[in-house]
Amino acid sequence: MEKKLYITTAIPYVNGTPHIGHALDYLLADIWTRYQKQNGREVRFQVGTDEHGNKIAAKAAEAGIEPKLYADKMYVNFEVLMQKINASYTDFVRTTDEHHIGAVQYIWQKLQPYLYRGTYEGWYCIGCEAFVTDKEATDNNGVCPDHNQPYQRLSEDNYYFKTSAFTDRIREAIETGTMQIVPEFRKKEFLELIKDGLQDVSVSRPRKNLSWGIPVPGDPDQVMYVWLDALANYITVLGYPDRADWQEYWPADVQVIGKDILRFHAGIWPAMLLGLELDLPKKLLVHGFINVGGVKQSKTLGNGVNPTDVIDNYGLDAFRYFFARHIPTLDDGDFTWEKFETAYNTELGNDLGNAIQRIAGMLTRYQAGVIGQAPQGEHDMGTYHESMEKLEFNKALDEVWLMVRSLNQYIENVKPWEIAKLVGKDAEAEAHLSEVLAYAVGALLQIGDLLVPFLPATAARIHQTFESGVVVPSEGVLFPKIYLHTPDPHAPKA
RNA sequence: CGCGGGGUGGAGCAGUCUGGUCAGCUCGGAUGGCUCAUAACCAUCAGGUCGUAGGUUCAAAUCCUACCCCCGCAACCA
């Protein structure tokens, strides 16, 4: 019996609205999940939200409501996005879930041997009631921009987690591939980073400085800081420690994360797992960022792209297509509306949509829609599957489009419309025509199969149209031309 | 000498580990063909000293050395 599969995504902090980066997490995990399911595997797919911390408490206070109530309102934004992307997740965890809280407290106690009291010292802003990083303090020249007050050097008591104790084992796991980091250059980057060992992290705060969080068991004055709380979600959502079936899924097969949080997921998180005597995840998929026209998205620039805008105007599959193929799975990518629309019109519309249309059209016109027995597509799918295994989804899609092109070339070569003219004159024409079109359908169905993980609706439509042996007509064309951001070549001249 | 990634035709990229079969792919542009199709499709062309300068070799985008430039990261902003 093969192990049941498990894939996770990073849980976003609900203080804020979802953006394209979150969407990418869900999309990549969903593609993988659908691919594995298509191959008969059972997959559990986690998503969730991170809901504790001062920023949430502050926002809630601003709105005059309880933090939990605020989180209740905010987490829905993310749930809506996941559903909009049609992410086929099986589990949704909120760090304010009762089970999660209980499990994290259990984890805290189990990690006792690696926890010790310490003093955290850093730059603190009275106005923010929070520490800032040394870098932030330096960048702002020692003055908080929000409150226009100088930072103060303060120290506070808290608990530390001895991640340093696990440096060697973690390094070895990464080097030997027990815990694989893809792409390779991220692995190198991280190994370099921990050359001098992992540094212990502070995992709690005095209650007076952090009210909204999970209480530290046995110490009423301390509240847990983000690390143990948030990272633990990957196992608590499975039911760890009390619900038995978590063991069927852990260790995770793939954990999808952005490049910015690699260090926590490759350092602190494995240390936690080792402390709990659990296996490390098999693979960390580290994706990059999405720039817009070469510029980093930021709130201050206001150049962020809203996934909803894309989906609402072009359809979900168009969204999934672009971000799966034109954003390299394992590296930074670039989005512009022009690029997006060009890919939509040319690749989805001209190449694929049109191929489906012309084949369906010929079948209907020449053979009253009867397909007969479509042969198995015979394209070699080695490269496709290889790319899927290597988590290079963009390359897998490249391979599919190679097939779409060669299908169009095939049609052009055999010219079914000319064979059709011979029907009635040439004794073999009818059989030949039917054979040619059936072959085309076979290729199309194979393409449909390969698109299942990426474009579920499109794949379904291909199958629905051709699978039964008779063309089932559907309303409208797939991927009709849209010119919102690029000039319409056929528009009458102004 | 902090670490990492990268500089290939107008744009975006592949190829570099395992030197020759590499100068390739997509978009955009030009010309032609075709008419089944979403004015789609197919073919051909457009010529880029593969960042710069040396070196190794019968042979380098691919290996070595130096240099220039761009972009990330440098502990909590996907």
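Chain naming here is simple, since letters A, B, ... match the order of the sequence lines and numbering starts at 1 in each. Keep in mind the model is a prediction, meaning the values are calculated, not measured.
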Answer yes or no: does a side-chain N or O of A/R358 lie under 4.0 Å from OP1 or OP2 of B/U35?
no

For a quick check, with a 4.0 angstrom heavy-atom cut-off, what is the B/S/- contact string for nucleotides 3-11 of chain B, read 5' to 3'?
SSS------

Closer than 3.5 angstrom, by distance alone: can the side chain of A/S202 be matched with the main-chain N or O of A/N158 as a donor-acceptor pair?
no

Hey, is A/D488 close enough to A/K481 for a salt bridge, meaning N to O under 4.0 Å?
no

Using centres under 5.5 Å plus planes under 30 degrees as the test, is A/F289 stacked with B/A78?
yes

Pairwise 5' ranking along RNA chain B for A/N350 and A/E347, keeping only the more 5' one:
A/E347

Ordered by number, residues from residues 400-419 of chain A within less than 4.0 Å of RNA chain B (heavy atoms) are A/R405, A/N408, A/Q409, A/E412, A/W417, A/E418

Interatomic distance, NE2@A/H485 vs OG1@A/T336, rounded to 0.5 Å, equals 9.5 Å

Polar side-chain atom of A/T346 near backbone of A/T342 as donor-acceptor pair, under 3.5 Å
yes

Electrostatic pair A/D398-A/K395, nearest N-O below 4.0 angstrom:
no

Do side-chain atoms of A/Y344 reach the backbone of A/P480 as a donor and acceptor pair under 3.5 angstrom?
yes

Contact class for A/D351 (heavy atom, under 4.0 Å): base, sugar-phosphate, or nothing?
sugar-phosphate

Could you please name the option among B/A78, B/C41, B/A40 that lies closest to any side-chain atom of A/K481?
B/A40

Once you round it to whole Å, what is the distance between P of B/A78 and NE2 of A/H265?
11 Å

Sugar-phosphate only, base, or nothing, as touched by A/D25 at under 4.0 Å among non-hydrogen atoms:
nothing

Presence of salt bridge, A/E189 and A/R186, under 4.0 angstrom:
yes

A/Y366 near the nucleic acid: base, sugar-phosphate alone, or nothing, with a heavy-atom cut-off under 4.0 Å?
sugar-phosphate

Just checking A/K421: base, sugar-phosphate only, or nothing, at a heavy-atom cut-off of under 4.0 Å?
sugar-phosphate

Hey, can you pull the residues of residues 384-393 of chain A with a non-hydrogen atom under 4.0 angstrom from RNA chain B?
none

Take atom CZ of A/F161 and atom C1' of B/A75, then tell me their distance rounded to the nearest Å.
16 Å

